[in-house]
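Shown next, in structure tokens, is the structure this report addresses.
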Amino acid sequence: MICGKLWSTMQQQLRHFRVTVIGAAGGIGQPLSLLMKNNKLVTELVLHDVANVAGVAADLSHVATKVHVKSYTGASQMNDAVKCADLVIITAGVARKPGMTREQLFEVNANVVSGAIKAIAEHASYALIAIVTNPVNAIVPMAAEFLKKEDLFDPRRLFGVTTLDLVRAETFLGDFMNVDPRKVSVPVIGGHAGDTILPIISQCKPKFNDDQECREALVKRIQMGGDEVVKAKEGKGSATLSMAFASARFANALLLGLKGRKAPIECAYVYSDVTEVSYFATPLSFGPRGIEKNHGLPPLDDYEQAGLEKALKGLQQSIENGINFAQCH
Ligand code: LMR
């Protein structure tokens, strides 16, 4: 006779996952969908966008993996796109142009994301939701408010994807220290814009031994990594490939958790009581219900503590914008 715990572990191991990408025909959505098509934890990949998504799905369906691909177009098919999803990754929305801040995208992108959130609330209320659309610092609190209105907000299931800040920190520190970036580990906490992005270099592994001037230059480069790409693309958008790489890495950690397997710790922007602001990115562990453990603030030195004070002010403003939007719509 199989005992209950063993039975549920076996059930978990057999679980197949339906992943929906919203904004799948876009600059991030296409490479992200390709990476998810190549993920062994995914059984069904559902693509949604306002146009051109059927072609992307046809193209992807020729990639020789076992993942089954479906596509849905337009607002009228949003419900079908999210129905029964285990994970919905939202990348839809407009990107920055040179000289713009992420916050300036809020009005437009809030309207795009709120449609998806309302559909998820109705048709996939157990899905994990990973939000890539900017400004993440305001869009995540907004999404939470919409879910609260339906009494469906589960703080373990809603994430702002900040993995690109970790990916950049690993790359820039790895280059600087002449170490393979895949061997660098550094927490990046706070939010996903300018000085709300806090790379905690005092906790970097391997240890960062250079002087304060080099460290500050690296922190600045990580914080402004998005602007570096926006400028280089000369008005043709923001980071797409590195963002897709980062989002796929984060999605994989979530799926491993759902499956009851050991998932790597990743930082993400979530509902939080770790600081005085109600949304904050810290290292997280994942399990079958989403966040299993929030590891809280890593140890900070004085320089990082000063950075934290600054970040909290910026975050507070964005969080209020997100909440106000949801309360008025
Ligand atoms: C990034 O960090 O590259 C993204 O948030 C896109 C942007 O607008 O910078």
Side-chain angles (χ1 to χ4, degrees), residues 21-33 35 89-113 116 129-143 158-175 181 186-200 218-251 266-270 279-281 307 311 314-315 317-319 321-322:
V21 178
I22 310 280
I28 300 168
Q30 289 201 38
L32 173 61
S33 299
L35 293 166
I89 312 172
I90 304 178
T91 69
V94 298
R96 286 198 281 166
K97 298 237 180 296
M100 282 175 84
T101 64
R102 292 180 182 84
E103 213 60 33
Q104 286 173 295
L105 304 173
F106 181 66
E107 274 304 307
V108 178
N109 286 352
N111 282 307
V112 174
V113 175
I129 307 170
I131 299 183
V132 175
T133 305
N134 272 317
V136 165
N137 290 358
I139 295 275
V140 171
M142 177 211 74
L158 178 66
F159 306 90
V161 179
T162 60
T163 321
L164 182 50
D165 303 318
L166 289 119
V167 165
R168 287 183 175 133
E170 291 159 13
T171 307
F172 303 161
L173 279 155
D175 284 352
V186 55
V188 182
I189 63 170
H192 179 65
D195 54 20
T196 69
I197 300 170
L198 288 178
I200 307 302
L218 279 160
V219 167
K220 194 97 226 137
R221 184 161 181 224
I222 297 161
Q223 290 178 330
M224 302 309 284
D227 297 70
E228 191 176 313
V229 180
V230 168
K231 199 162 162 237
K233 290 200 174 178
E234 297 180 326
K236 302 239 162 37
S238 53
T240 51
L241 303 174
S242 51
M243 184 58 98
F245 172 87
S247 308
R249 170 171 132 177
F250 183 67
E266 291 284 3
C267 296
Y269 183 67
V270 295
Y279 294 84
F280 196 86
L315 284 172
Q317 186 57 54
S318 302
I319 293 166
N321 290 348

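Atoms within each ligand, like the ligands themselves, are counted from 1 in listed order.
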What are the two closest non-hydrogen atoms of [X] and [Y], and how far apart are they?
X	Y	value
Gly99	Gln104	O-OE1, 4.1 Å
Leu164	Ala239	CD2-CB, 4.1 Å
Pro187	Cys267	CA-SG, 4.2 Å

Problem set entry | Rounded distance [0.5 Å steps], CZ in Phe280 versus OG1 in Thr196 |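 It comes to 9.0 Å.
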Exercise. In Å and rounded to the nearest 0.5 Å, what is the CE to OG1 distance from Met142 to Thr133?
Worked result: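 It is 9.0 Å, given to the nearest 0.5 Å.
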Problem set entry | side-chain contact (heavy atoms from CB on, under 4.5 Å) evaluation trace for Val188 with Thr162 | CA-CA 8 Å; Val188 182; Thr162 60; over 6 Å; no
Problem set entry | Every residue of the protein that comes under 4.0 Å of ligand 1, judged on heavy atoms |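 These residues qualify: Arg96, Arg102, Asn134, Leu164, Arg168, His192, Gly226, Ser238, Ala239, Met243.
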